[in-house]
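Protein chains get the first letters and strands the later ones, always in sequence-line order, with residue 1 at the start of each.
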Amino acid sequence: MADEIQGYLDRKLVENLDRREFLQMGLTVAGAAAFVACGGSPTSGPSGPTGPEFKLGVVLPYSGVYAELGNSITNGMRMYFDSVGNQAGNRKITMITADEQVQLADAVAATKKVVEQDGVDMVAGYVSSPNAAGNRNYLDGQKIPTLVANAGVNSLSRAAKSPFIYRTSFSNWQPAHPVGTYVAEKLGKKRIQLVYAKYGAGLESVASFKETFTAAGGTIVGPDVATPFPNNGDQTPFVQAIQIDKIDGIYSFMSGTDAVTFLKKAYELGTLTRLALVSGAGFFVEQDVLAAITDAAPAGAITGLHWALTLPNKENQDFISKYSKKFSGRQADVFAVQGFDTARVIVEALNGVKGNTDNKDAFMKAIAGVSFKSPRGDFKFDANTNNVVQTIYIRKTVKDPKLGWTNQVIDQYPGVADPGK
Amino acid sequence: MFLLAAGLSIIFGLMNVLNLAHGSFYMVGAYIAYSVVVATKSFWLALVVAPVLLAVVGAALELVFFRRVYGRGHLAQVLLTFGFTLVFVDLIRSQFGPTTRSIPPPSGLEGAVQVLGATFSAYSLFVLAVATVVGALLLVGWRSLRVGAVLRAGVEDKEMAGLLGINLPRVFTLTFAFGAGLAGLAGVIAAPEFAIYPGMDANVLILALVVVVLGGLGSIEGALLGAALVGLGYVIGTSLFPQFAIGLIFALMAAVLVVRPSGLLGRRM
Amino acid sequence: MARSEPATPDRLAVDRLTAGYGASVAVRQVTLRVGPGEAVALLGRNGAGKSTTLMAIAGALRPMAGSVQIDGQAVAGLPSYRVARSGVSLVPQGRRIFATLSVRENLTLASGSGNLAEIYSLFPALGVRSAAAGSALSGGEQQMLAIGRALMARPRLLLLDEPSEGLAPQVVRVLGDLIARLRHKMGLAILIAEQNLALAFEVADRIYVMERGEVVHEAPASAFRDDHALQKRYLGV
């Protein structure tokens, strides 16, 4: 019964949010369109787009554990679309959101809803890997141009690659791969224990780390510490399973609430201060986690990610300040960057085909050819994998006098491409 | 966990109301703790403020809403209290956003302690101590005080209790307030130990329901035993098969239901 | 049936009371009265509406129509706890002892002003077993407890619903003595629903006979006791 209740709760929650989110979005777009149509600006009077409306189905979680990610990605997209007047290739761009939620069944329903009911021209979104992978065959079969804006499951760049699905975020392999090399070679730490949330992303991340780490002469000290995902219980036994005396450090993959509770417990038990090295995929100490745990943060943690709040390039500094201004003081995060870049890919591809998306091959080719300077650095697609090629930054967790706890970039590996063929 | 289950069990047992909003009281308690700690830096103040505030909220909800659905069967109650879980989650989300929050343990309870060669965080032990003390107080009150006798009588035979001149509507309101206060207390206690986020209510509500079902409805002893079993099951489960900890608990519940449909210490329904 | 208005109001005056469960009416237009210090028996077969009448008077059942007055005060429609506080105690059918509560807890539950020592002196057996759980008592002891519990509220009107049910004949005789004693000692007004005629005649001054939810006969207890034809007609004995 509990499950039914939970399921009902989730569904109910979503219906409400969905409607509200949708309305809000409709209003934003309508407002922008009205503004453009009236030529209300005294400095410029762009005429509105005359081509047919371009409907973008946005399938992201607005409820459940990933709601925060869904909101950030949506904000990033909205920010970019607003910056170009919500139009490209002489077509007005309308975002139609649907709630991906947590479970695959809901994500499938959301996808079908935007495709079959709303008749969208394109789909973007998917936070969770099983949901992206689970919708892959449908989207591929329907030939719906799709941009995956977060889900990192490696297979989408490999065996399950589709000519209609490109990924703007990362593959799980990417952020972890340089960390193995960096830890073994540059830091000279050769004995590492793996700590991860036991689900797809965690397993793929630690496997990728292991690959480069052992190749560079490192040794994985067992047994692995694998926590349930998500772990709503006590983290104490898992923290205590870290064999502090036998290792030089840990490599960890956890995110969000799991990372918060694990790091807090490790801090309270004194494990953090006794560990010579905490390394991991960047999500372990991303801004959302650091904001929650504050001084329980693992100072000096070395993590790999395709972005950092502190990246000094102009595009990033611009993005961060405008984002904060637009969304009442919210701090930008890596997910917002992914949303921002996803929207940009769409706009540039639409401009490239002059709004003609009837020829899907041409449209997909235009998508594949998009490249630009993103807040995260150089952005382009890999023709072998349909995945983004990007710089992976090695970051160190520090307390910045102005920003508070954050990650400072100390090294970078440019042009990291998933090894898929 | 026990605190939550006790409140739920009394409310369900005595009033025959399945209160799904109970998890929400827990969540709101945690957020009140967060707000109070951010504003005043005092965890101890939060420990007082949150249960009191939630007791008031609980009493108000009982007087205005829940009172009307007592006679209408569980479906109406589930729908109503369910509605409240949605309202509470939305309120929290609109006030605090979907971000995960956290507060540090109060000063003096940070860090780790060695007990019998094992290391625990000091705060975990504090949680254990609070649960034990509150549990003991509840048990004593339930067994030895007149209030306890009144509640037990109400659980057993509401009509007869009324015939003896017991003002059940008032007892209901106070019980509901007390249950909500307990949930709020649990929320405050849990805040430094776990993460605070919208949706934390659903996780604990399900576990609390399991505790109540396992232990038996309308019995503090049952809630205690159920909480102990679920806690043990969870710890053993996570260490043996991390992925099936929850499954193990539900299996335990199913087994108990087969053998004793009214729960380990529940009255026959 | 003309009757002069009494100078003081009746302890209990029920006027055209209609009550039932859900939509089904179990008693219809019942009118009866119990004077101060008077003992009245409500007779009738199973299902005649005796219990429903008592429950409706006590407020456990909301009357659909009619009035109930206690010492001239209208109580119909009040919740049962308010009726109880206006001086009415019910010893329900089947006793309904709280099985999980101790004897002492059963007695002290009601917020009455009665004192425990007094009850224990009336029922020495209860004093001896004050810590025992309600469920551990014998049928006779449970009946004593149910009555003792009702008396703790120091009622002005005691409603007894089939107190002899399930008791051995000699226990019923003890019960009869007890009720008679209580009445004289405490000046209680009593309304007793009974199928055991011997007990009813021993206790009551007057009787009402109910049939299919209505009061069909009223008589002094002595007159009805001697009229076997009427007894046969109404009660089949």
Listed by chain and number, what are the salt bridge (charged side-chain N to carboxylate O under 4.0 Å, His left out) partners of [X], not counting sequence neighbours?
{"X": "A/Lys399", "result": "A/Asp295"}
{"X": "B/Lys41", "result": "none"}
{"X": "A/Glu204", "result": "none"}

Under 4.5 Å from a heavy atom of chain A, the part of B/Ile196 involved: neither
Heavy-atom contact with chain A under 4.5 Å, split by part of B/Tyr197: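 Side chain of B/Tyr197 only, per the 4.5 Å heavy-atom cut-off to chain A.
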Closest approach of B/Phe120 to A/Gln240 (non-hydrogen atoms, all atoms of both residues): N-NE2, 4.3 Å
Sorted by number, residues from residues 252-265 of chain A in contact with chain B (heavy atoms, under 4.5 Å): A/Thr257, A/Val260, A/Thr261, A/Lys264, A/Lys265
Atom CZ of B/Phe88: over 12 foreign heavy atoms under 6.0 Å: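 It does: B/Phe88 CZ has more than 12 such atoms within range.
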Residue selection (most heavy-atom pairs with chain A, distance under 4.5 Å) from B/Pro198, B/Ser121, B/Ala195, B/Gly199: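 Sorted descending by pairs with chain A, the first entry is B/Ser121.
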Choice from B/Pro105, B/Ser102, B/Ala122, B/Ala112 maximising heavy atom contacts with chain A below 4.5 Å: B/Ser102
Atom pair CD1/CD1 of A/Ile293 and B/Ile103 - distance to nearest 0.5 Å: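 Interatomic distance, A/Ile293 CD1 to B/Ile103 CD1, rounded to 0.5 Å: 14.5 Å.
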Gap between atom CD of A/Glu68 and atom CZ of B/Arg93 - 0.5 Å precision: 10.0 Å
